[in-house]
Amino acid sequence: MIGEQRYPHLFSPLELGFTRLKNRALMGSMHTGLEEAPDGFERMAAYFAERARGGVGMIITGGIAPNREGGYGSKLSAPEEAEQHRLITEAVHAADPDVKICMQILHSGPIATTPECVSPSGVKSRIARFAPNVLDEAGIEKQIADFANCAALAQRAGYDGVEIIGSAGYLISTFLVQKTNLRNDSWGGSWENRMRFPVEVVRRVREAVGPEFILVFRISAMDMLEGGLAWDEVVSLGKAIVAAGANIISTHFCWHEAPVPTIATMVPRAAFASVTGRLRRELGVPMITSNRINMPQVAEDVLAAGHADIVSMARPMLADAELVNKALAGREDEINTCIACNQACLDHTFGGRQQVSCLVNPRACNETRLNYLPTAEPRRVAIVGAGPAGLAYANVAASRGHRVTLFDAAAEIGGQFNLARRIPGKEEFSETLRYFGKMIETRGVELKLGTRVSADMLADGGYDEVVVATGITPRTPAIPGIDHPMVAGYIDVILGRRPVGSKVAIIGAGGIGFDVAELVSHAGKSASLDIPTFAREWGIDFENHPRGGVTGVVPQVEKAERAVYLMQRKPDALGRTLGRTTGWTHRMTLARRGVNLVAGVEYLKIDDAGLHTRVNGEPRLFDVDTVIVCAGQEPLRSLHDELLARGVKSTLVGGAFEAAELDAKRAIKQACELAAEV
């Protein structure tokens, strides 16, 4: 196969003695919410089986707690629960007997969503709902025994192994770090005592499952917070864990409350892989690395550099279940790449929503509910608008056998994604447009760019279905002087069609306002494309690896020589509507660049003196030379209305359907669901 020549490391098998992995591609652990759903095991079976057919060598499930006090709701502590898991293991092994599937044992410790949660010292996490209960000696013994019991039940359920997560602020890691382990008995105090708990857990698990069972331990190679583990502690822990019975060590980076992004789109690809490589040289066992490895070439480069033996790609397998098969067949340009937006995956997980999916692939975790079946009656479909919604509809409809024509007045596909990909830190959005462009070609969609479509053209074109995906038009607020020469729309600014002065006011602090503030305050390299720049901007020391991996000094951020004011009418803190797992990074970045966040603004007028306002009731003049309007948007439905007047039925999708907030997740999901039914 082409891929074996192009990616020799990725497609080489890995011998573990008693078993082998057919390649080095791992679908890493990710909680989906299906673990707690009423029909969750049936849906997980379909979800994992599809990834097994997609070519991965090994799969690790989402986290399953070993007991009630350790979980988000899903646990494995009784034989009857093990029988449910058989649905998953049998489905995966039926899909491909060579694929290994391991169950992750996740004891959430102090951040478990139950008042029964436990920890070594009762230190409450900043992100926790409850204060944890302090474990006594009997309680510690119970937790260790429950880990071993859970692993034995996983083996009984047909899993090929387990992964024990010992990082991220979950129970095991709270024993390791001094700030959360205040004990002065044999489970705390010295480093030897603090690492006793994870070592004993691994030893007892190995004892329970025997020698021929994969045992992965996920170690915190960099905690990304001050007071985290020192490098020598990471190394000694890794050696002790291997001696206790682990076959594979998987590296993890950061605690959940760490003030450093590790998986957002602003993080460079494979940014942390070199840390795994350093630890790999110390331990001498197969090592897994992770974080922002989203394409086959990235994975191959990591393996070829000696940074790891296995590459973990969790969210990339949400985005495209066929990623590995496509790489093997030399069809990389057909991969629906994970753009690390977090909007439908981690934002759902940590936002309290039950089900994870994927912005660019709404079928993820919906394999039993959303399928693109061949049509028995091919229809001629006209789609107007080649933004995310129109592209998604065209792709699905054409894949089912419909004859699709896609129109857009612009010279290139993309719509709002063409704006997003120009924002520093969002360069990955280009990958989605590359994917859709290839699918248009592969599916035989007739693409007509630079074409303004009229209702008459569509009415007389002989189409069976007309889809209006014309998107949005920016809202122009009714402010006196809004037509002043210093006023610019965000589209013109992002596309570089309007110069930006040295004193800038941005009206509107939604997602677009934050993007524009990022663009006009940014200077130098994009951190998402350069690991040293990323490290400087977030205070990470990859070279010296101080305690926790962070320097403890003020991060160094390059910024444009502009005064920037980001404003909103609401008196609330700016950025509340941003993504749960990424919004804080955008707020922190703008603060470090000196962007002024101004809430409670009433816009009075714009004239040569600048922007006249009242801020929280007090008059204030902003002496600016550029006012950028990001004040929301309206659905662009004029074509739809004209079609209705002609008696032609049309379907609205995306921003043309609803434009309250630009929401690619909703637009793509709606388009795929509608196209699946046409």
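Because the structure is predicted, anything quoted here is derived from the model rather than measured. FYI, side chains are in, hydrogens and waters are out, and symmetry mates aren't considered; it's all heavy atoms of this structure. Numbers here are sequence positions counted from 1.
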Salt-bridge test for Glu332 and Arg6: reply yes if a basic N is under 4.0 Å from a carboxylate O, no otherwise. yes

Which residues satisfy the ring pair (Phe, Tyr, Trp, His ring centres under 6.0 Å) test with Tyr565, sequence neighbours excluded? Phe622

Do NZ/NE/NH1/NH2 and the carboxylate oxygens of Lys426 and Glu518 come within less than 4.0 Å? no

Within 6.0 Å of CZ in Arg497, more than 12 heavy atoms from elsewhere: yes

For the backbone of Val298 and the side chain of Glu300, can you confirm whether one donor and one acceptor N or O come within less than 3.5 Å of each other? no

Could you pull out every donor-acceptor pair under 3.5 Å between side chains of residues 463-471 and any protein atom, sequence neighbours left out?
from	atom 1	to	atom 2	distance (Å)
Asp464	OD2	Arg380	N	2.8
Glu465	OE2	Arg379	NE	3.2
Glu465	OE2	Arg379	NH2	3.4
Thr470	OG1	Leu636	O	2.5

Is a side-chain N or O of Arg580 found less than 3.5 angstrom from the main chain of Phe350, in a donor-acceptor match? yes

In this structure, are over 12 heavy atoms from other groups packed under 6.0 Å from Phe657 atom CZ? no

Which heavy atom of Cys345 sits nearest to which heavy atom of Leu318, and what is that distance? CB-CD1, 3.9 Å

Closest non-hydrogen atom pair between Trp538 and Met266, with its separation: CZ2-SD, 3.9 Å

Apply side-chain contact (heavy atoms from CB on, under 4.5 Å) to residues Tyr7 and Leu328 and explain how you reach the verdict. CA-CA 8 Å; Tyr7 311 113; Leu328 188 60; over 6 Å; no

Hey, is the main chain of Gly654 close enough, under 3.5 Å, to the side chain of Gln670 for a donor-acceptor pair? yes

Please answer whether the main-chain N or O of Met317 pairs with a side-chain N or O of Arg51 as donor and acceptor at a distance below 3.5 Å. yes

Is the side chain of Arg562 donor-acceptor paired with the backbone N or O of Val520 at a distance under 3.5 Å, no angle test? yes

Can you name the nearest heavy-atom pair linking Leu391 to Leu433, along with the distance? CD1-CD2, 4.2 Å

Gln355 and Asn366: side-chain donor and acceptor closer than 3.5 Å? yes

Counterpart residues, salt bridge (Lys or Arg N to Asp or Glu O under 4.0 Å), relative to Arg498 (two or more places apart): none

Donor + acceptor pair across side chains of Thr582, Asn342 (<3.5 Å): no

Would you mind checking if Asp39 and Arg369 are paired as a salt bridge, meaning a charged N to carboxylate O distance below 4.0 Å? yes

From CD1 (Ile628) to CD1 (Ile491), nearest 0.5 Å: 13.0 Å

Evaluate side-chain contact (heavy atoms from CB on, under 4.5 Å) for Thr337 paired with Arg434, printing each intermediate quantity in order. CA-CA 9 Å; Thr337 305; Arg434 181 264 310 149; 2.6 Å; yes

Residue set satisfying side chain to side chain contact (heavy atoms under 4.5 Å, CB included) with Ser430, at least two apart, ordered chain then number -> Arg421

Looking only at heavy atoms, the pair that brings Phe272 and Val267 closest together is CE1-CG1, 4.0 Å

Would you check if the side chain of His402 reaches a backbone N or O of Val404 as a donor-acceptor pair within less than 3.5 Å? no

Under 3.5 Å, side chain of His522 to main-chain N/O of Lys525, donor-acceptor pair present? yes

Once rounded to the nearest 0.5 Å, what's the spacing between atom CD1 of Ile263 and atom CE of Met30? 7.5 Å

Given Ser521 and Lys559, is the side-chain contact (heavy atoms from CB on, under 4.5 Å) satisfied, shown in steps? CA-CA 6 Å; Ser521 66; Lys559 48 192 174 184; 5.7 Å; no

Is the shortest side-chain N to carboxylate O distance from Glu431 to Arg269 below 4.0 Å? yes

Using a strict cut-off of less than 4.0 Å between a Lys/Arg side-chain nitrogen and an Asp/Glu carboxylate oxygen, indicate whether Asp460 and Arg646 qualify as a salt bridge. yes

Does Lys669 pair with Glu673 as a salt bridge, N-O distance under 4.0 Å? yes

Just jot down the ring pair (Phe, Tyr, Trp, His ring centres under 6.0 Å) partners of Phe41, sequence neighbours excluded, or say none. His85

Ser650 and His640: CA distance, side-chain angles, deciding distance, side-chain hydrogen bond (donor to acceptor under 3.5 Å, both in side chains) verdict: CA-CA 7 Å; Ser650 67; His640 176 70; 2.6 Å; yes

Glu334/Lys438 ion pair, N-O < 4.0 Å: no

Please walk me through it: do Leu359 and Thr432 pass side-chain contact (heavy atoms from CB on, under 4.5 Å)? CA-CA 10 Å; Leu359 181 144; Thr432 302; over 6 Å; no

Going by side chain to side chain contact (heavy atoms under 4.5 Å, CB included), name the residues that satisfy it together with Leu529, two or more places apart in sequence or in a different chain. Glu427, Ser526

Identify the two heavy atoms, one from Pro424 and one from Leu519, that lie closest to each other, and give their separation to 0.1 Å. CD-CD1, 3.8 Å

Residue pair Glu50, Arg363: steps toward the salt bridge (charged side-chain N to carboxylate O under 4.0 Å, His left out) verdict: CA-CA 11 Å; Glu50 189 159 304; Arg363 275 200 74 243; 2.8 Å; yes

Over all heavy atoms of both residues, which pair between Ala52 and Ala95 is shortest? Give the atoms and the distance, please. CB-CB, 4.0 Å

